[in-house]
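What follows is a single structure, written as structure tokens, with notes after it.
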Amino acid sequence: MSAFDQAKHEVERARFLGDVRDLLAILRRQPNELLPFEWVRHLAPDGEFQRGLQTIEVDHIIGSVDRYREFDRHYLPKERHLDERWIGVRSAQLQGKELPPIQVYKVGDLYFVKDGNHRVSVARRQGQKYIDAYVIELHVTVPPEEDDTLKTLIIKGEYAQFLKATNLDRIVPGHCDIRFTTPGRYERLLEHIRTRQYFLDRKPERAGLPPVTFEEAAESWYRRMYSRIVENIEKHDVMTRFPGRTEADLYLWIMDHRYFLTQKYGHDVGSEEATVDFGAHHAPPAYKRLGQRMRLMLRGRLSPTM
């Protein structure tokens, strides 16, 4: 079989496999598309650096600048009109010709192809582990992950803006991630910090002292409010009653519930009582939790033991 005929057979096989993966993705309700590089703007990159020629891992390439509709997430070709270029690249490879390096943007530990999508597709199909690439690195505060969607990238961008506003990375090194499952929640955290700043400033022992800075309030909020609720969530095993949610989601709900209980009883019930009461009265019924866990397991977002 000639190099051309072998390459033609391989591209037809690759498109068939792509159709199978599309069907499996629909059944599992999982995304099977490459990430558009345009989505990276939601991560608020604040620096671009030329890193020159490097050897990168093929499996860490998750997106494309302008060809993201033409390949699936495994870089299998999706359209017949791609065959000619794909066959040309594979034929050259079979004939022992050296292919030029691709060009990529690096974001975190992942890559988006600027030039060389067909070379990446052929490399992935052949099980190639590494590929040479000219790398342009973008600096982001919160890096992307392989299974990210537009929604999760938007949330990560909001988280990055929150970290920049609070300097939490600097004032509380090693703090636990504060991740939501819904966009638009970090502004509420900033409101909590501003409220914390207001009350700290009005403590009698601060009379005559300079005003509390926003960073001081952010540190106090994290250590005295957010961390305590997270500790109570873990202590009373509340997370298992809310599959698919995060500690940050529960933090906001529990803070609202604490305010409700305080109004109801006429005194501050405290974070632990609010956490326990919220878990006891607002968790989904057991049958709904089971259904949620099964859906998450099918999507690969929950281990069977959780």
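By convention here, the first residue in the shown sequence is residue 1. None of these values were measured; they are calculated from a predicted model.
A perpendicular orientation is assigned to the rings of Phe71 and His118, their planes being inclined by more than 60° (bins at 30° and 60°). Between Trp253 and Phe278, the ring-plane angle classifies as tilted under the 30° and 60° cut-offs. Ring geometry for Tyr186 against Tyr159 counts as parallel: the plane angle stays under 30°, on a 0 to 90° scale with 60° as the upper cut.
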Next on the checklist: Apply side-chain hydrogen bond (donor to acceptor under 3.5 Å, both in side chains) to residues Thr181 and Arg245 and explain how you reach the verdict.
Outcome noted: CA-CA 7 Å; Thr181 58; Arg245 294 298 185 174; 2.9 Å; yes
Next on the checklist: Pair Gln197, Arg194 - check side-chain hydrogen bond (donor to acceptor under 3.5 Å, both in side chains), show working.
Outcome noted: CA-CA 5 Å; Gln197 183 181 23; Arg194 286 190 283 266; over 6 Å; no
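Under a 4.0 Å N-O distance rule, the pair Asp59/Arg124 qualifies as a salt bridge. Ion pairing of Lys156 with Asp148 is present here, as a side-chain N (NZ or NE/NH1/NH2) and a carboxylate O approach within less than 4.0 Å. By the 4.0 Å N-to-carboxylate-O rule, Asp115 lies close enough to Arg119 to be salt-bridged with it. Taking the charged nitrogens against the carboxylate oxygens, Asp249 and Arg185 have no contact shorter than 4.0 Å, which rules out a salt bridge. Between Lys164 and Asp46, at least one side-chain N (NZ, or NE/NH1/NH2) sits under 4.0 Å from a carboxylate O, which counts as a salt bridge. Taking the charged nitrogens against the carboxylate oxygens, Arg170 and Glu215 do have a contact shorter than 4.0 Å, which makes a salt bridge. Arg73 has no carboxylate O lying under 4.0 Å from a charged side-chain N of Glu146, or vice versa, which leaves the two without a salt bridge.
Residues Gln126 and Glu10 meet the side-chain proximity criterion, which asks for heavy atoms closer than 4.5 Å. With contacts defined as side-chain heavy-atom distances shorter than 4.5 Å, the pair Val238/Thr275 qualifies. Looking only at side-chain heavy atoms (C-beta outward), Leu189 and Leu252 come within less than 4.5 Å of each other. Contact of the Thr166 side chain with the Ile193 side chain is registered, since non-hydrogen atoms from C-beta on lie closer than 4.5 Å. Two residues are said to be in side-chain contact when any heavy atoms from C-beta on lie closer than 4.5 Å; Arg223 and Arg228 fail this criterion.
In this structure a side-chain-to-backbone donor-acceptor pair under 3.5 Å is missing from Gln93 to Leu99. Remark: the backbone N or O of Ala274 is not paired with any side-chain donor or acceptor of Asp277 at under 3.5 angstrom.
Residue Leu190 is grouped with residue Ile178 when hydrophobic side chains (ILVMFWY) are merged at heavy-atom distances under 4.5 angstrom, including chains of intermediate members. A single hydrophobic cluster is seen to contain both Ile229 and Phe162, as judged by linkage of ILVMFWY side chains at heavy-atom distances under 4.5 Å, directly or through other members.
Ring pair Tyr226/Tyr251: centre-to-centre distance below 6.0 Å.
A cation-pi arrangement is present between Arg202 and Tyr198 under the rule of less than 6.0 angstrom and at most 45 degrees off the ring axis.
Other residues, nucleotides and ligands place more than 12 heavy atoms under 6.0 Å from the NZ atom of Lys78.
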